[in-house]
Amino acid sequence: MRIEAASGVVLLVSAATALLMANSPWVSSYDALWSTPLTLGLGSLVVTETVRFWINDGLMTVFFLVVSLEIKRELHDGVLSDRRAAALPVAAAIGGVLVPAGLYLAINSAPELRQGWAIPTATDIAFAVGVLSLLGRRVPPALRAFLLTLAVVDDVVAVMVIAGYYTTDIEPVDLLVVVVGILAAFAIRGLRPRNTLVYVLPGAIIWGGLKDAGVHPSVAGVILGFLTPSATCVDVDHAARNRHLRTARRTLWQVRSSLRRGKRADRELTAPLRSLQLAKCDILSPAVRIEEALHPWVAFGLMPLFALADAGVAFPGVDLPTPHAATLAAGILLALTLGKPLGILLATWLGMRAGLSALPEGITWRHMLVLACLGGIGFTMSIFIGNLAFTAPSLLATAKLSVLVASAVSASAGMVLGWLLLSAAEMVGKST
């Protein structure tokens with residue numbers, strides 16, 4: 001939660017910087033930077049693409065890897081592992097996908113605009129959690145858990161849409177390379193290695209195969225995430241746990257003794273710290289360790305870089321008086337600011353009526369109204385889908401600007417309602 005909240009601030013600064021650069025005298029330099037050719041590869045296996053390609057199709061693979069690992073963790077031992085507890089947030093998430101998509105399609109019936117139906121369906125967890133954290137103690141822990149569950153299900157739907165709907169002209173022969181990469185990942189799983197870097201090679205093979213096959217290569221992160229073992233590399237029995245605990249105690253004692261002596265005994269601590277690292281590899285699964293290692297880099301590096309590269313919308317490029325641009329903007333704005341909250345609240349009510357579950361303890365409909373408004377914050381995934389949906393520069397610029405405006409409106413609405421409704425509810429509770 002702390003990482004996501006802080007990441008939301010960094011994302012906001014990055015998006016604002018991109019907008020300023022795209023509408024400044026330095027716009028040509030800004031565009032030239034992301035259009036610069038960059039060659040990566042080894043030997044004869046090289047790929048030359050623009051910097052923006054390597055961000056959107058390369059680095060975003062790591063983003064989807066972390067997303068899939070988070071989903072897998074929640075399914076394995078998180079909130080989604082308890083079907084009863086997850087039923088209501090899952091229903092709310094589905095409603096928050098279907099209603100905005102339906103509203104968008106009702107407004108945008110033109111064939112060239114239908115491709116963007118999935119843009120208003122995703123919730124940006126970093127921004128939503130960031131706004132929720134600003135409300136402080138007005139927000140009960142159960143509401144944060146509800147929002148995280150809803151966002152995870154949103155991500156599942158978004159990944160399925162990207163992999164299925166936005167994939168065309170598949171080359172079956174190139175999919176054989178993907179199969180080879182998947183088989184290599186399974187072979188590595190069987191060896192149960194401690195070093196997680198060995199999964200980079202099959203991931204690269206899957207990425208290259210998907211790219212050549214016509215599937216968006218970032219889906220490789222999703223595939224690799226679900227192939228990464230959730231079990232530990234070795235069978236940790238009672239004796240092994242005690243051995244690891246003794247190693248941890250011994251290492252901490254040696255570190256403390258070194259600090260008390262006022263000197264750093266690096267050579268003395270090298271072996272114990274190495275043993276502690278091996279113990280960590282034995283106790284934690286590869287999936288947990290990879291997610292733990294990559295999450296800060298994605299939150300504070302990759303996602304802000306994506307915002308810098310893709311949130312820079314030049315206002316002169318948005319021609320709203322044209323019919324297509326006007327309906328596209330209206331569809332995204334209304335779907336995120338009205339359709340998303342309506343879908344979340346309606347599905348939650350229907351889920352309760354169907355007997356799936358009651359609202360979690362400490363959560364009222366006032367809390368749900370605030371959460372539903374925050375569900376309309378669609379940034380990272382919405383812009384990513386926009387890049388897939390539209391190739392025309394004018395439509396893409398309109399879609400991005402609409403996402404930014406709708407996200408700002410949703411965040412402001414959630415913030416204002418949170419301060420007004422939740423604080424009033426607390427005052428009533430204290431007075432009684």
How long is the gap from [atom1] on [X] to [atom2] on [Y], to the nearest 0.5 Å?
X: Met368; Y: Leu143; atom1: CE; atom2: CG; result: 7.5 Å
X: Ile385; Y: Leu388; atom1: CD1; atom2: CG; result: 7.5 Å
X: Leu69; Y: Ser230; atom1: CG; atom2: OG; result: 8.0 Å
X: Leu147; Y: Thr123; atom1: CG; atom2: OG1; result: 7.5 Å
X: Ile206; Y: Tyr199; atom1: CD1; atom2: OH; result: 11.5 Å
X: Leu345; Y: Cys373; atom1: CG; atom2: SG; result: 7.5 Å

Task: Working for side chain to side chain contact (heavy atoms under 4.5 Å, CB included), residues Trp117 and Val161 - done: CA-CA 10 Å; Trp117 67 267; Val161 169; 3.8 Å; yes
For residues [X] and [Y], determine if any side-chain heavy atom of one lies less than 4.5 Å from a side-chain heavy atom of the other.
X: Leu11; Y: Thr380; answer: yes
X: Leu308; Y: Met21; answer: no
X: Phe390; Y: Ile119; answer: yes
X: Leu175; Y: Val178; answer: yes
X: Asp124; Y: Ser407; answer: no
X: Val66; Y: Leu302; answer: no
X: Thr121; Y: Asp154; answer: no
X: Ser68; Y: Val159; answer: no

Taking the side chain from [X] and the backbone from [Y], do they hold a donor-acceptor pair closer than 3.5 Å?
X: Lys340; Y: Gly96; value: yes
X: Trp207; Y: Asp57; value: yes
X: Lys400; Y: Asp310; value: yes

Which heavy atom of [X] sits nearest to which heavy atom of [Y], and what is that distance?
X: Ala309; Y: Arg52; answer: O-NH2, 2.8 Å
X: Ala22; Y: Gly312; answer: CB-C, 3.5 Å
X: Ala15; Y: Ala307; answer: N-CB, 4.1 Å
X: Leu356; Y: Ala87; answer: CB-CB, 4.1 Å
X: Leu148; Y: Val129; answer: CD2-CG2, 4.2 Å
X: Ala122; Y: Met381; answer: CB-CB, 3.7 Å

- [ ] Using the test side-chain hydrogen bond (donor to acceptor under 3.5 Å, both in side chains), find all partners of Asp155 that sit at least two apart in sequence or belong to another chain.
- [x]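 Here no residue qualifies.
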Task: Partners passing side-chain hydrogen bond (donor to acceptor under 3.5 Å, both in side chains) against Thr348 (at least two apart in sequence or in another chain) - done: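 In terms of side-chain hydrogen bond (donor to acceptor under 3.5 Å, both in side chains), with neighbours along the sequence ignored, Thr348 is linked to no residue.
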- [ ] Report the C-alpha distance between Lys211 and Glu49 in whole Å, list the side-chain angles of each, state the deciding distance to 0.1 Å, and finish with yes or no for side chain to side chain contact (heavy atoms under 4.5 Å, CB included).
- [x] CA-CA 12 Å; Lys211 178 179 179 297; Glu49 297 286 353; 3.9 Å; yes
- [ ] Could you give me the CA-CA distance, side-chain angles and deciding distance for Val139 and Arg144, then say whether side chain to side chain contact (heavy atoms under 4.5 Å, CB included) is met?
- [x] CA-CA 7 Å; Val139 179; Arg144 296 187 180 94; 4.0 Å; yes
TODO: List the steps and the verdict of side chain to side chain contact (heavy atoms under 4.5 Å, CB included) for Met415 and Leu135.
DONE: CA-CA 7 Å; Met415 193 69 184; Leu135 296 174; 4.0 Å; yes
Task: Non-neighbouring partners of Phe64 that pass ring-ring contact (aromatic ring centres under 6.0 Å, His included), sequence neighbours left out - done: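 So Phe64 forms a ring-ring contact (aromatic ring centres under 6.0 Å, His included) with Phe384.
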Task: Pair Gln115-Tyr166, side-chain hydrogen bond (donor to acceptor under 3.5 Å, both in side chains): steps then yes or no - done: CA-CA 8 Å; Gln115 286 287 104; Tyr166 290 108; 5.7 Å; no
